[in-house]
Each structure stands twice: as structure tokens, then as C-alpha cells.
Number of protein chains: 2
Amino acid sequence: MGVTIYDLAREAGVGIGTVSRCLNNHPSVSPETRAKVLSVVKRLSYQPHAYAQRLASRQANTISAIIPFFTNHFFVEVLRGVQGKSQELEVDLILYGVHNADQVEYYLKRSLSRGHVDGVMFFSMKFPDSYVEKFQQIGLPVVLVDTHHPLFDSITVRNVDGAKSAVDHLYDLGHRQIAMINGYSGTRPAKERFEGYRRSLESHGIAVNPEFLFYSGKEKLDGFSRESGYNLMKRVLEKRNDSSSPSALFVASDIQSLGAVDAIREAGLRIPEDLALVSFDDIELARHAGLTTMRQPMYEMGSLAVSWLKARMKDPDLSPREETFLPELIIRRSCGSTARVTQSPASGRGAMV
Amino acid sequence: MGVTIYDLAREAGVGIGTVSRCLNNHPSVSPETRAKVLSVVKRLSYQPHAYAQRLASRQANTISAIIPFFTNHFFVEVLRGVQGKSQELEVDLILYGVHNADQVEYYLKRSLSRGHVDGVMFFSMKFPDSYVEKFQQIGLPVVLVDTHHPLFDSITVRNVDGAKSAVDHLYDLGHRQIAMINGYSGTRPAKERFEGYRRSLESHGIAVNPEFLFYSGKEKLDGFSRESGYNLMKRVLEKRNDSSSPSALFVASDIQSLGAVDAIREAGLRIPEDLALVSFDDIELARHAGLTTMRQPMYEMGSLAVSWLKARMKDPDLSPREETFLPELIIRRSCGSTARVTQSPASGRGAMV
DNA sequence: AGTGTGCTTGGAAGCGCTTCCATAAGATAT
DNA sequence: ATATCTTATGGAAGCGCTTCCAAGCACACT
């Protein structure tokens, strides 16, 4: 069906080796021969057979990304970075979107299939221990993003420092009664973001008030959902009439913050006058909703993952690297700060809150 | 490096043909032999070499999606459908995200590479004429989504009918002065959505008032952007003090609608009391912002594209099919209708407007 | 015993490349 | 003119699989 290098060789009156060398820019081909072959290539509109190349050259020029799919916008943004860099580096990207836990194993197995991909990026989930050894054995490069394992490269965000900055910001605005709404306490982000909260308060000589801590249970998305934010906020508001009530809230994720906003409005309270809010992630909705939040450099993380993977493909014996990104405080209206940092019309405006 | 079927054959004391047959569930293998081989497969933790399989079997079991990347949420949702179905059908999905026009050709060429992919999905952009013939020649299946070409399968949305429903809805709510904010007039969506607007008005005996038509220029994203919505809305408001001013607006896209909302709030007007709004797309932000809009069944469109591609891969001589999806009216607060259709907490609540 | 039938099986051929080795043809040195 | 080195080339081998053909075997039927 297709035109092969044999056709090219016959047509150009040369051998297949020469044709191959022309196609791959091998130096030892005379200019005339090269020109002759390339003209035939054009004339027959030859297309190389990707899998034959991959089989013969023993590399796939393809990487896979195993990523929880579109549960929130964090991943969209990360994926953008991954895709951008893959393209720049001219590798194919196979997308494995995880919707439920079973799929993780399936995709890992699939990636493991010899020669299928040259490397794997694994996002935001616990890398199953049972597969660590398999990957090591086969020597298939792995880069972890937003998750960690000592034997693999990993790119994470500094949740502790980020959370501390968020709470510091509320403190600097004069707040002393700062509550926290968190996700499920068994998750790393929840633990680390609480730790940042704790450190900020302690550094200012404030003791953590257990009454001010609101954790979600081990529910859908580990509590990092709009619903959980809504429900936890209700509980915060119930306690409001007690002796000491919080004047500000640090919410562990933007998506929860959105739910919290709903609950606050229902109660007829104003943000930030009655309750100031700072959250975490900087998903797209946060910009729209005017949430002050800690931005994770998502695009950069995705992009870096691809670069690292490529590096590791070249030199598989590199020892594991780690990179941590520091979240950046994005000031919008929900915190009540007058110092607006972001100035673009789309973020400066943005509806309500 | 890896375990091959030769290793399996030697180890199990059978021939390579038999091994291959076991692996592929070929019927003519005795149960004992099969069991023996499979146990060896497990013991050596054999992994097939994807590209060798693909080379030998002459099919890639892979499809590619060429898609404008994350310019708006339409594509995220479509991609979700594509990914979900690909997984169900066990084909690999290569993602080609288009950021600028040059990449289209590059990706088409890449997909064309013999044996690389078994089919291509092409989204929301004009399929370049120069490539039509090439795909036909090679016989590589193509499915078009949100765009059209007579020689290929295509899945589109009925913009005209959708726009008509949107405007009908405003009419039913009592509005007679209905303006329209549109994207760049050279694009199909802009043309078709205007056509629906026109038909609705005419069916109610209302003449189209040129003063009520606001088109963006050929700017970024063909005017389907928040900025353009903001700017056009400003122009609408400037004209507001004239003799007859619109009481409602049909906006050609949610994203423009969001900009329009910004402008309306700046002017101190209320939605829907002073100005009712209906737009098009139902991106995620629309739900949050409480926009009444025409929902496109994005997930379904993506999913169907994969199904069709698979069908066409089986039977390449199918004549081109077309499917059109009818957008669905999603009533939220921006239109002022009291008949709430959507009741889920996340959509019923949702901030402002 | 002879012939046919259906089920299993082994392994060669072939998918379209890359790569290596041998060789031919010049170019340079002796 | 001969030896030596370079440079350019042809094509076999091999990547790991699928598939097809030939053949072995057991059994049944004349």
C-alpha cells in the first residue's frame, strides 16, 4: 500500500542503506545522491512508517501521561504544559486519563509494555508500590508530578510554605481569628496545608484553636469539592455566634472556597467585610470569582516534567531529582487587601464576591 | 533486553506460532498448551512489544485528535468524551494540541505517516483542502467535529436551531427589543447563530434592527473572548439612551457573555432586571456565573467521534456520515425566567449575576 | 488397510525500518 | 606504479511480532 524505502531505492537507483541515511541526515552521503533521493521522496510523497522505525531503532519517541482527568482545573493547566513541551521536543504524547482507581494499574501496565513508550509521567496520585520495582527493572524512566517517591524524579509544590504565606497574608491584614477549612485529613495536601497554617500562626504567637479547624471526611475527591466547602462553611457559620468567631478563613482549595462563598452569601454575609477568604490552587474559576489564592505554577510543572523525562531517557542512570515550586500569592478581592497585584482586565474585574 | 516470544516458546517447549496464538486468543490451541504457555508468560512477566505487533499486524490501534488546545472549555469537555470512549474501546489516543495555525499542517503530516495512527479526529477548525486528497489517497479515516467537509464524517451542532431557541426563549419571556452580540462575522458559528437570531425574530414578525447587531472584528479568537464581550457590551450601553433600547441580549458565546456581565455591572445595571442575557455553549464558567445558555452536548460529541472513527477503521468504504446535535436550553438566572430547570446545588446556587 | 477430516502445531516469510560490515572508488602518499 | 587512507555505497541481518502453509496426529468411515 505505502511507499517503502525499497521503492525509493529502486526509483533513485541507489541502495536502501543510502536512502535511510539520506532520510536521517547521516553525514556520509554525497550531496548529489542526497538531492537525487530527496527528490524521489518528494515525488512519491513518501511517508516513513513510524512503527517500523521504532522497532528497528529501538525507541518509541513517545511518552505517556497518567493523569487524573479533569477533576479540576489544576490538571488542565498542567496538561497544557506537558503538551506544549512535548510538542517542542517532538515527542508523541499518549494521554491516559484516570477516572477511577482501577485504571491506574491498567495504564501502568500498558506503559510498561516494552517499547511502547520511552517514559512515563505520573500525576497527583500515589504511585503504587507494586509497580515501583517493575519500572526499575525494565529501566523505564518515570517522572512524578505533584506526588513523591524516593526512587523517582519528582516535581511538587511547597504546600507548607504556600499555606504559610496565605495565612501570613491574612495576619498582615490584621486578622487574628483565622479558621481553616480543609480536605480529608489523610491526604498529603491537607496535612501540609494545615502544617503551613500552624506554622504561620505559631510564628505570630497565636495558638491553633481546634475549634477553628474544619476537616472534610473521606468523601468524594477527598473533600476537595465545592459541596464539601459549602457544608463545612455552614458549620463555621453555625459556630459564629459563640464567644470568639473567626474574621478570616484559610481554605485549602479554591474549589472548596467556591462552595464556601455560596454558603456565606446564603447567610447574607459579605466577603471580605464579614469574612475574608484566602485559598489555594488558582484554578480558572478563582480568577473569575475574585478569590485571593496561592497560585501553583501548573504550566511550568507540566513542562518541566517533560524536560526531565527527556533528560532521563538520554541518561537513565541519573540519580533521582526533586524540584519544588513555591506557590505565589495572587491577591484579588476575597481577602480584603487593597493592594491589587494582578491588573489585567479579566482578573481585575470578575464578578462578585 | 526484554522477554520475547522466542523465550516463551523455548521455555514452554512449543513453537512461536503457538505462543502467538495463545496470546491472541486464537481458538485452535489446546487448553493444556494454552495453560502451559500462559504460566510461562506470567513467570517471565512477558510484555508484548507494541510496535512489533503493530508492524506485523499492520494496524496501530491508535488514533489522534487534532484539537485547538484549551482556548476555551468547549474543548476540555469534548476531549473528555474522546478520552472516555478511547479508553472504553482500548485504543491509544495521541493528543495533538494546536496552539497556532502552523501546527495544523505539522500534525496532519504526522498523522499521515503510514501506520502511525489508524484514524484522525479533527476539531473545530477548517480542514485544509490541500490535505483532503492526501487522506483520501492513503485511505486514512477522518472524523470532523464541530466543522464540516463533504468527503468526511462530520459531527456538528445545530447552531441555527440553537440560536433560534435561545431568542425564542427571550421572546417568550416578553422581550421584544432583543439585541445580539456576536463574534467575527466571517466565522461559521457567528453566521449560523445570527441566522437563528434572525429566524426567531422573523417568525415572531419582528424585523432585524441593524442597530441591535454588534459584531466583533477579526481579532483574537475571532472575537469569542471575554474582552470582546466586554467591549461590545460597552457599545451596547452607549446606545442605551437612544429612543429604543434593548431589554435583552442574545450573546453568541458564554465567554463573551462573561465580559458583557462585567460591563453591565460596571454600568451599575442589574441582570436580568435591566438586561436579560442568554448565550451559547454552556462552558463550566456559565454554570458558576448563572448564565442561561444553550448547552452543546460536548462529551457526547467527542465520544461519538471515536465510535465513528472505529467504525470507519473497520469498514473504510462507508460513505460519509453526518450527525447534528441540537443544543439544549439551560435556564439559569441571567434570563430572568422563573422556571428553573437545573436543580443541582452547584448550578442552582452559583454566585452572582 | 486405505482414505478422509478436523484439530494442533512448528516455523518460515514478511512487516519496513536501522545499522553494521564489506567493498568500491577516489585521493593521497611513497 | 603501488600501498594506504577516506569517503560513499550496497545490502544482509535483525528488531519482535503475525500469519500462513505444511505437516503431524488421532479418529472415523469405507
Side-chain angles (χ1 to χ4, degrees), chain A residues 1-38 40-41 44-62 92 110 112-118 138 140, chain B residues 1-38 40-41 44-62 92 110 112-118 138 140:
Chain A
M1 186 163 84
V3 182
T4 72
I5 56 168
Y6 289 90
D7 300 322
L8 297 182
R10 183 168 17 78
E11 207 66 23
V14 299
I16 56 160
T18 304
V19 172
S20 176
R21 275 180 291 254
C22 287
L23 262 18
N24 294 296
N25 295 315
H26 191 95
S28 69
V29 184
S30 74
E32 309 86 64
T33 311
R34 181 183 305 275
K36 188 169 55 178
V37 170
L38 291 183
V40 176
V41 164
L44 302 188
S45 63
Y46 164 82
Q47 292 285 351
H49 191 296
Y51 298 135
Q53 284 180 313
R54 291 172 186 193
L55 180 58
S57 69
R58 254 141 293 194
Q59 49 170 326
N61 198 34
T62 301
D92 278 334
R110 194 148 182 153
L112 228 25
S113 158
R114 275 167 318 132
H116 192 180
V117 298
D118 298 322
I138 297 208
L140 189 62
Chain B
M1 188 162 86
V3 182
T4 72
I5 55 168
Y6 288 91
D7 300 322
L8 296 181
R10 184 169 16 79
E11 207 65 24
V14 299
I16 56 161
T18 304
V19 172
S20 176
R21 276 180 291 255
C22 287
L23 261 18
N24 294 296
N25 295 315
H26 192 95
S28 69
V29 184
S30 74
E32 309 85 64
T33 311
R34 180 182 305 275
K36 188 169 56 179
V37 171
L38 291 182
V40 176
V41 164
L44 302 188
S45 64
Y46 164 82
Q47 293 284 351
H49 191 295
Y51 299 135
Q53 284 181 314
R54 291 173 187 194
L55 180 59
S57 68
R58 254 141 294 193
Q59 50 169 329
N61 199 33
T62 301
D92 277 334
R110 194 148 183 154
L112 228 26
S113 156
R114 275 168 318 131
H116 193 179
V117 298
D118 298 322
I138 297 209
L140 189 62

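Per chain, numbering begins at 1; letters A, B, ... match sequence-line order.
Using a 4.0 Å heavy-atom cutoff across all strands shown, B:Thr4 reaches sugar-phosphate atoms only and no base atom. Contact annotation for A:Tyr51: no contact, since no heavy-atom pair falls under 4.0 Å across all strands. Within the 4.0 angstrom heavy-atom criterion, only backbone atoms of the sugar-phosphate kind lie near A:Ser30; the bases stay farther away.
From A:Arg54, atom CZ reaches atom NE2 of B:His116 across 4.0 Å, with rounding to the nearest 0.5 Å. Of the inter-residue distances, the one linking B:Lys36 atom NZ with B:Ser30 atom OG reads 7.5 Å to the nearest 0.5 angstrom.
Applying the 4.0 Å criterion to OP1 and OP2 of D:dT18, one finds that B:Gln53 has a side-chain N or O inside that range. One finds no side-chain N or O of B:Tyr6 lying less than 4.0 angstrom from the OP1 or OP2 phosphate oxygen of D:dC15. Within the 4.0 Å cut-off from OP1 or OP2 of D:dA8, not a single side-chain nitrogen or oxygen of A:Ser28 is found. An OP1 or OP2 oxygen of D:dT9 is reached within less than 4.0 angstrom by a side-chain nitrogen or oxygen of A:Thr33. Distances shorter than 4.0 Å separate some side-chain N or O of A:Ser20 from OP1 or OP2 on C:dT18.
Along DNA chain C, the nucleotide nearest B:Ser57 and the nucleotide nearest B:Pro27 are compared for position; the residue whose nucleotide lies closer to the 5' end is B:Pro27. The residue among B:Ala52 and B:Val19 whose nearest nucleotide of DNA chain C is located toward the 5' end is B:Val19.
Looking at B:Arg21 and B:Thr33, their side chains never bring a donor and an acceptor atom within 3.5 Å of each other.
When distances run from any side-chain atom of A:Asn24 to the nucleotides D:dT18, C:dT18, C:dT9, the shortest one goes to C:dT18. Taking every side-chain heavy atom of A:Ile5 into account, C:dC17 is the closest of D:dC17, C:dT9, C:dC17. Taking every side-chain heavy atom of B:Arg21 into account, C:dG10 is the closest of D:dA8, C:dG10, D:dA12.
Judged by distance alone, with hydrogens and angles left aside, A:Arg54 brings no side-chain donor or acceptor close enough to the base of C:dG16 to form a pair under 3.5 Å.
Using a 4.5 Å heavy-atom cutoff, the side chains of B:Val40 and B:Val19 are not in contact.
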